[in-house]
Each structure stands twice: as structure tokens, then as C-alpha cells.
Trainee: 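Quick one: this structure, given as C-alpha cells, is what I'll be asking you about.
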Amino acid sequence: MTESPLPLIGFAAWSGTGKTTLITALIPLLAARGLRVAVLKHAHHSVEFDRPGKDSHRLRCAGAERVLVASARRWAMFAERREAREPELAAELARLDPRDLDLVLVEGFKGADMAKIELHRPSLGRPLLYPQDARMAAVACDAPLPDDAPPPPALLDLNDPAAIADFIAALIDGDNNGHNNGDGDGAAAAASCMSDFDPDSLSVEAARSRVLQQVTRRTAVERIAVGEALDRVLAEVQHAPIDVPPHCCSAMDGYALCSADLPAAGDESGDEIELRVVGKSLAGHPYAGELQPGQAVRITTGAVVPAGAGLVAMQENVRRDGDRLYVGGGERTGQHLRAAGSDIPRGAQVLAAGRRLGPAELGLLASLGIAEVAVRRRPVVAFFSTGDELAPLGEPLTPGQIHDSNRYTLRGMLLRCGAEPLDLGAVADDRAALAATLEAAAARADAVVTSGGVSVGEADYIRELLEAQGELSFWKIAMKPGRPLTLGRLPGADGDVPFFGLPGNPVSVMATFYQFVRPALLAMAGEDWQPPLSIRARARQALKKAPGRIEYQRGVLARDADGEWAVDSTGLQDSHVLSSMSRANCFVVLPLASAGCAAGDWVDVEPFAGLV
Ligand code: AMP
Ligand code: MG
């Protein structure tokens, strides 16, 4: 067994099964149990950690054997292995300080002797590993195991990271009995009593991956003109039907010459050669003939290089006298030419299916002469507000009423993520009216979004109706703002449509839309959801938070006097304070296990730009 002062859990799976995704979901869940988690990941031999341009990279490339970068909050050491040698698990583990940690999750190091969890997706058609590996403590699977599979050591649901985290916690607790750190239990207990940790709630990542697993239906494909395709999602891969540029052309204003006229290699005389200018090749007006030795053709940038020519001499480097051209030394065959296909060779894949088309992509398609593209239809999203208190715009408020703001926020967010909004108005807290609107919504749309009426208040019918009319998936998520949230399915005109019952509070509506609805709508339109841009900024104030759920606080991000990113809180963080969303330009993301931060701490922020 691999020697380690810390409990180890390995993750074994065929590539593409989602090891890193699972480990990413497990870390906050384990952290919420009070466990300090390290990850040891085996990487490809040529992996680069820092980037060209970073000081650490420059120092390393200059030949430093070790580059140790240390700051107040974080440190890293870059070490070069002068000879490529596969890392050994025990030697790598020895670099971790057990005083800082409770557990190491190991990704890769396939053959190593440690307790492991196998990840298995029968749909990938790969063989099971546990029958051959006695150290496999469990198999986490996203579907039933085949009937003929040998009995698994333990069976877990791959889509339920919380259960997997429970399993790991129990496993290392067993490991730890009589070990140095008898506080495993204590730490977990402390996390649950001092925090908002709720063992029944799902992490945002786990919830989002469930949403994305449910939303498998893509919208239909339609063909539209490239000029109309901004922000649409390609349904088909695009290959280049022609070379770009379509012909060899000049990168400079100057003269096209034959290579044969250049002085022979080794000729250092520097004597000028004399050529005769026989014509010109201008953009859109190529030279018709074939260039012969002794001849030159005047050429402008982007114009076709004539047949027979082997280089372009810049006009600054030559002398012209009537039709005579004098070229000095220093010219090289092939210079200042843009070969046909040097941007995109004919037949190359230029854009993958699922690519959202921006201005560059529209131009790229046009450069290839592609006039029409197959894109996904925009998902039609029916939405409505619920609540007896809601008054429409244009009518004064009577006592107890508020204006319906969520419908306007939702409409804006739907348009921003490429959906077609279908506004079904505000519906009173009336069982029959809600039932009828839900049914109409599902019949007319690709997805249904509501706000309000999803808690357990007396007039909250949405969950109940969903259970009756469709299918209720879950509704507790370890995030703030955002609880409660109902997700499910409703029978539509053409199969089930996903349903998102967002909370009523206006900030919760935006936060949950951004985490769950937007990724789902992108997926329906065929685009892969990518984690949003996240940057580190210094918190200008202390931020209050209890561990146990991730918080999306509102902040104003700006550069401070030193040019560093700094974030100001918008103040009151209650979920009804919609003005905080409007004042903010970013979410300050405080992770599940965080107990808040002090002024001056680094925090992660997700800028709003381009998202909500
Ligand atoms: P509910 O989930 O229906 O209990 O609503 C929670 C809170 O959000 C209540 O204070 C509601 O008044 C408020 N709310 C619900 N719907 C809207 C809406 N469409 N616009 C503004 N506030 C709303
Ligand atoms: Mg309500």
C-alpha cells in the first residue's frame, strides 16, 4: 500500500468519464464537512503551469532549477525535471504537509495501491475496472450496472456527489480510527452546527450538472443567411470550401521577382541585380502572364503573386528607374508571400457545431464564401410571475401591492442568452389559474420559467402542481440568494419541457437564472456552458457569510490606485434588494466552506459583462 501520512482516495476511470468534474463537485462538499482537501493530479508530461509573459515563466525558462513564488495568500513552486520521468505517487505525496491537510484526492496514478472509487458510465461502452482491482472501494455509476457484472464493492450514484462525499467521509473516518486526527467527526459536527450546512441540499455544481443532464433536447435546426446569424449557435461543423487566402498574395507593396535572379548562396558581393519591370499586379487585377527570369512585376499588398515569381522585394529596398529595377542583396526566396491557404487551408474544420457566432465568425464564414448556415432555433421560453400582490405597470398600487419586476428582469435575461421570450403575464395565487397557465406554457414553449410561489407558504402551489402535472426534481440548493428553487419537467406539445420555478425575490431570480436557467438554455441551443470569467480581487470591506452554502454577493469591481482589482460590496445583501444588482457589476463568489472574509482578503468575482 502506498505510504502516506494522510488518507488517500483515488479516482479511477476511462478518460472522458468526468473525474475532474466529480472531484470539483466533491471538494466543496468535503470542505463543508470540515475536511481540508488536497488534490494530486497526474498530468501529461509536457504540461505547462505558468504562462509565457509571467515572471515565473521567464525565470524558469532562464534555467532556474526551482522558482518559488510566494504571496500573502498563496504560494507555488515550479520545478523542472531535467529528464522526463513519470512521477511516483509516494514521492509526490511527500511534498504535501500533513499538518495542513486531512485528505488527498488522487486523480491519475492508475496502478497505485490506495483505496479508489471507480467512475463508470455504461453509455461510454468501456469495461468496468473494479473486477480487476481489489483496491476499488466503490463504483459510482450513472446508470444500472450490466446484469452480468460481478457484485460491486459498493455502488454509488455518479450524479450524487453529496452521497459520494458521505462515502469518502465514512471511509476516511474508518481509516482514521486510532490515527492522529481523531477530530474528523468533531470538525464535521462543528461545520453543521456553526453553519448553514444542510446535508440534504445540493451544491450549485451538482444541481447544474443535473439540470444539464435533464436538458438533453436540442432545438430544431434552421438555415439562415450569415448576415442574420449574429449570436446564433451553429448546428453543423463548418469546413473551408476554399483556401483563404484563395491565392498566393503579397504581404507588402513592392516587386515580385524570380528566385533564380537572386545571387547564388555564398555570394557576398552585395552587387545589385538589374531587372525589367514588365507589368503590375494590383488588388483585384492580377498580372496575366508568367514571370520570367530577368523580369519583375510591380505588386501591392494583397495582390496575386504572378506565376513564376518566388518572392516579393519591399519597395523601400529597391530602386526604380523607368522600367529598370535595381535590387540589392539581402532578399530571400519566399519572403513577403502569403501562401494560398495560409490562414485557412481548404477542407480544414473552421468552426465546430455548438459554436456561438460572433462578429469574427460571421466575417470568417463570409471569407470562405459561405452565405447560409445551419443554426439551432432560438429556444422559446414561456414565463410568468405568480402572486396575489403583483400589480401590472401603468396601474397605481393599492395597499399591499407591489409592481411585478421579475417579468422584466427575466425578459432581459432571456434575450441576453439568445432565447425567445414568451410573456404569459402575472398569475394570481390561484390553483386553477396556475394549473391552466402551466399547461398552456408547456404546450407553447421549449422551456417554462416562473417566479414566486415555490416556498412552503400557504399559497405556494407551484411545487404541488408540478408534482401533479409533471415531475418535480429537487428544490434545495446550497446557495444564497436562491433557495428555494424548483426544477422539473412538464408535458409539452412534443415531449417533456424543462421547468424552472425560480424564487420570488428579485435578486434570487437573477442569481438562479444565471446558475441554472442560462446553462440549460445554452445547452438547448446546442452550446456548451462554460464557467463564467472569474478574477481575483481584493475585498475592500469585510464580507459576512456562514459556511455551508455558496454565496453570490453583489459587488462593484474597479482597479485600485495600484492597478489591482478591488471590489466594494453594494451593502445590504438581502434578496429583495434589486437595486443592489443594478449598482453591482459583478458577483462576489464566496465558496461553500467560506465563513466570510476580512477587508483586504482576495475573493473571486464574476463580472456581469456579457452574462446577465
Ligand atoms: P414567493 O416566493 O412567492 O413567496 O415570493 C417571495 C418574495 O418575492 C415576496 O416578497 C414577493 O412579494 C416577491 N415577489 C414575488 N414575485 C415577484 C415579482 N414578480 N416581482 C417582484 N417581487 C416579487
Ligand atoms: Mg408569492
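Both counts, for ligands and for their atoms, begin at 1 and track the order of listing.
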Trainee: At what distance is the nearest protein heavy atom to atom 17 (C) of ligand 1, and which residue and atom is it?
Mentor: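 Looking at atom 17 (C) of ligand 1, the protein heavy atom closest to it is Asn406 ND2, 3.1 Å.
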
Trainee: Could you tell me whether Arg536 and Asp604 have a side-chain N and a carboxylate O separated by less than 4.0 Å?
Mentor: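 Yes.
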
Trainee: Taking 4.0 angstrom as the limit and counting only heavy atoms of Gly453, give me the atoms of ligand 1 inside it, by number and element.
Mentor: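 Those atoms are 1 (P), 2 (O), 3 (O).
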
Trainee: List every atom of ligand 1 that sits less than 4.0 Å from any heavy atom of Ser385, numbering the atoms from 1 in the order shown and giving each element.
Mentor: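 Here the atoms of ligand 1 in question are 19 (N).
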
Trainee: What residue pairs, at least two apart or across chains, pass side chain to side chain donor-acceptor pair (under 3.5 Å) with a residue in residues 19-30?
Mentor: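 Side chain to side chain donor-acceptor pair (under 3.5 Å) check on residues 19-30 returns Thr20-Lys41, Thr20-Glu107.
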
Trainee: Can you report which non-hydrogen protein atom sits closest to atom 4 (O) of ligand 1, along with the distance?
Mentor: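 Answer for atom 4 (O) of ligand 1: Ser455 OG, 4.0 Å.
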
Trainee: Sequence neighbours excluded, which residues qualify as side chain to side chain contact (heavy atoms under 4.5 Å, CB included) partners of Ser582?
Mentor: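 Not a single residue meets the side chain to side chain contact (heavy atoms under 4.5 Å, CB included) criterion with Ser582.
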
Trainee: Nearest heavy atom to atom 8 (O) of ligand 1: which of Ala391, Gly504, Ser575 does it belong to?
Mentor: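 The nearest heavy atom belongs to Gly504.
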
Trainee: For atom 22 (N) of ligand 1, what is the nearest protein heavy atom, given as residue, atom name and distance?
Mentor: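 Minimum-distance protein heavy atom for atom 22 (N) of ligand 1 reads Ile402 CD1, 3.4 Å.
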
Trainee: Please write down residue, atom name and distance for the protein heavy atom closest to atom 12 (O) of ligand 1.
Mentor: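 Ranking protein heavy atoms by distance from atom 12 (O) of ligand 1, first comes Glu389 OE2, 2.6 Å.
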
Trainee: How far is atom 21 (C) of ligand 1 from its nearest protein heavy atom, and which residue and atom name does that atom have?
Mentor: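 Nearest neighbour among protein heavy atoms for atom 21 (C) of ligand 1, to 0.1 Å: Ser405 OG, 3.3 Å.
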
Trainee: Can the positive tip of Arg538 be found less than 6.0 Å from the middle of the six-membered ring of Trp565, inside 45° of the ring normal?
Mentor: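 Arg538 over Trp565 ring: no.
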
Trainee: Would you say the side chains of Arg554 and Ser580 form a donor-acceptor pair under 3.5 Å?
Mentor: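 Checked: Arg554/Ser580 side chains pair up, N/O donor to acceptor below 3.5 Å.
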
Trainee: Closest non-hydrogen protein atom to atom 10 (O) of ligand 1, residue and atom name please, with distance?
Mentor: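 So the nearest neighbour among protein heavy atoms is Asn505 OD1, 4.1 Å.
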
Trainee: Step through the shown structure and confirm whether more than 12 heavy atoms of other residues, nucleotides or ligands are within 6.0 Å of CD on Glu439.
Mentor: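 No.
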
Trainee: Looking at Glu372 and Arg223, is there a salt bridge between them, counting it only when a charged N and a carboxylate O are closer than 4.0 Å?
Mentor: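 Result for this pair is yes, salt bridge flagged.
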
Trainee: May I ask you to list the atoms of ligand 1 that are less than 4.0 angstrom from any heavy atom of Leu390?
Mentor: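 Every atom of ligand 1 under 4.0 Å from some heavy atom of Leu390: 17 (C), 18 (C), 19 (N).
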
Trainee: Could a heavy atom of Gly387 be found less than 4.0 Å from some atom of ligand 1?
Mentor: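 For ligand 1, residue contact (heavy atoms, under 4.0 Å) with Gly387 is absent.
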
Trainee: For atom 19 (N) of ligand 1, what is the nearest protein heavy atom, given as residue, atom name and distance?
Mentor: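 Going by distance alone, atom 19 (N) of ligand 1 is nearest to Asp404 OD1, 2.7 Å.
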
Trainee: Let me confirm one number: the OG1-CD1 distance from Thr437 to Ile462, rounded to the nearest 0.5 Å.
Mentor: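 Those atoms lie 8.5 Å apart.
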
